[in-house]
J.: 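Structure below; questions to follow.
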Amino acid sequence: MINKKVISVQEALQGIEDNMTIMLGGFGLCGIPENSIAELVARGTKNLTCISNNAGVDEFGLGLLLQQKQIKKMISSYVGENAEFERQMLSGELDVELIPQGTLAERCRAAQAGIPAFFTPAGFGTEVAVGKETREFNGKMHVMEHAFKADFAIVKAWKGDEAGNLIFKGTARNFNPCMCGAAKITIAEVEELVPAGSLNPNEIHIPGILIQRIFQGENFEKRIEQRTVRQK
């Protein structure tokens with residue numbers, strides 16, 4: 001058995017350098033690799049192209065990297081909760097590529113499956129389709145989208161074993177699974193790391209073959225982006 005466990009976030013992120021393209025799992029602040037993002041901030045790694053559904057918020061998640069001007073391009077779907085993101089985009093400091101959410105997910109999954117491109121009806125007739133090949137299928141026009149090409153994918157799981165097998169919990173099972181294996185190297189940050197063979201095979205969401213490094217994170221805040229409670 002290949003043991004993919006590394007002892008720290010510092011070791012897990014070895015090889016990430018300036019100007020690289022990185023996928024980061026999560027939806028809003030749910031299921032984001034908190035330890036890895038904090039380490040990227042501490043390292044001062046800059047000129048990054050980040051692929052993530054959201055851009056975090058001003059004081060948390062990818063918002064911390066934006067705050068330090070470490071991201072040069074953001075490839076996202078929903079970015080409406082981050083004032084600093086808006087400021088950098090409107091001032092021209094940040095290059096932004098907005099993608100329909102389903103297309104973003106499929107471009108990750110295509111990279112995971114080794115599919116170079118696919119056709120989707122999403123975005124046809126809009127700015128999303130400008131400069132892209134289009135084709136008609138069954139009487140409906142489609143836009144050709146390419147799979148992402150990323151250097152690293154960093155995902156967050158609830159539980160994993162030393163062989164890299166992962167289990168996601170609740171809605172953290174969002175963009176994390178489709179980013180596993182979608183880059184040259186996938187790093188898994190988990191809340192609980194157990195010996196190989198400890199997980200029920202029927203409960204595993206992602207097999208270890210898609211993971212190159214795994215480590216146990218610590219001090220997860222799991223901050224809530226929008227808290228809504230019933231009035232008394």
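Basis for what follows: all heavy atoms, side chains included, without hydrogens, waters or symmetry-related copies.
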J.: Assess whether side-chain hydrogen bond (donor to acceptor under 3.5 Å, both in side chains) is satisfied between Asn53 and Gln101, documenting all intermediate values.
T.: CA-CA 7 Å; Asn53 183 66; Gln101 197 166 73; 3.0 Å; yes

J.: Give me the ring orientation class for Phe137 and His142: parallel if the planes are under 30° apart, tilted from 30 to 60°, perpendicular past 60°.
T.: perpendicular

J.: At what distance, to the nearest 0.5 angstrom, does NZ of Lys73 lie from CD1 of Ile71?
T.: 13.0 Å

J.: Do Ser8 side-chain atoms and Glu11 backbone N/O form a donor-acceptor pair below 3.5 Å?
T.: yes

J.: I'd like to know if Leu65 and Leu94 are part of one continuous hydrophobic network [Ile/Leu/Val/Met/Phe/Trp/Tyr, side-chain heavy atoms within less than 4.5 Å].
T.: yes

J.: Taking the side chain from Asp161 and the backbone from Pro195, do they hold a donor-acceptor pair closer than 3.5 Å?
T.: no

J.: Is there a donor-acceptor pair under 3.5 Å between the side chain of Asn165 and the backbone N or O of Ile204?
T.: no

J.: CD/Glu39 to CZ/Phe215 distance, rounded to the nearest 0.5 angstrom?
T.: 9.0 Å

J.: About how many Å separate CZ of Phe85 and CG of Leu90, when rounded to the nearest 0.5 Å?
T.: 9.0 Å

J.: Does a salt bridge link Glu136 with Lys140, judged by any charged N lying under 4.0 Å from a carboxylate O?
T.: no

J.: Return the CZ to CG distance between Phe152 and Leu40, rounded to the nearest 0.5 Å.
T.: 10.0 Å

J.: State whether Glu145 and Lys132 are salt-bridged, where the test is any N-O pair (Lys NZ or Arg NE/NH1/NH2 against Asp/Glu carboxylate O) under 4.0 Å.
T.: yes

J.: If only atom types and distance count, is the side chain of Thr45 paired as donor or acceptor with the main-chain N or O of Asp18 below 3.5 Å?
T.: no

J.: Would Lys156 and Phe168 count as a cation-pi pair here, with the cationic atom under 6.0 angstrom from the ring centre and within 45° of the axis?
T.: no

J.: So, Arg173 versus His205: side-chain donor-acceptor pair below 3.5 Å or not?
T.: yes

J.: Considering only heavy atoms from C-beta outward, does the side chain of Cys180 approach that of Leu166 to under 4.5 Å?
T.: yes

J.: Could you state whether Ile206 and Ile167 fall into the same hydrophobic cluster, counting links through intermediate Ile, Leu, Val, Met, Phe, Trp or Tyr residues with side-chain heavy atoms under 4.5 angstrom apart?
T.: no

J.: Taking NZ, NE, NH1 and NH2 as the nitrogens, is one of them in Lys69 or Glu93 under 4.0 Å from a carboxylate oxygen of the other?
T.: yes

J.: Looking at Arg223 and Glu34, is there a salt bridge between them, counting it only when a charged N and a carboxylate O are closer than 4.0 Å?
T.: no

J.: With rounding to the nearest 0.5 angstrom, report the CD to CD1 distance, Gln112 to Ile115.
T.: 9.5 Å

J.: Hydrogens and angles aside, do Gln216 and Glu191 bring a side-chain donor and acceptor to less than 3.5 Å of each other?
T.: no

J.: Can you see whether Gln67 engages Asp58 through a side-chain donor-acceptor pair at a distance of less than 3.5 angstrom?
T.: no

J.: Looking at Glu97 and Arg107, does any basic side-chain N land under 4.0 Å from a carboxylate oxygen?
T.: yes

J.: Do side-chain atoms of Arg213 reach the backbone of Gly164 as a donor and acceptor pair under 3.5 angstrom?
T.: no

J.: Is it true that the side chains of Glu189 and Ser36 contain a donor and an acceptor less than 3.5 Å apart?
T.: yes

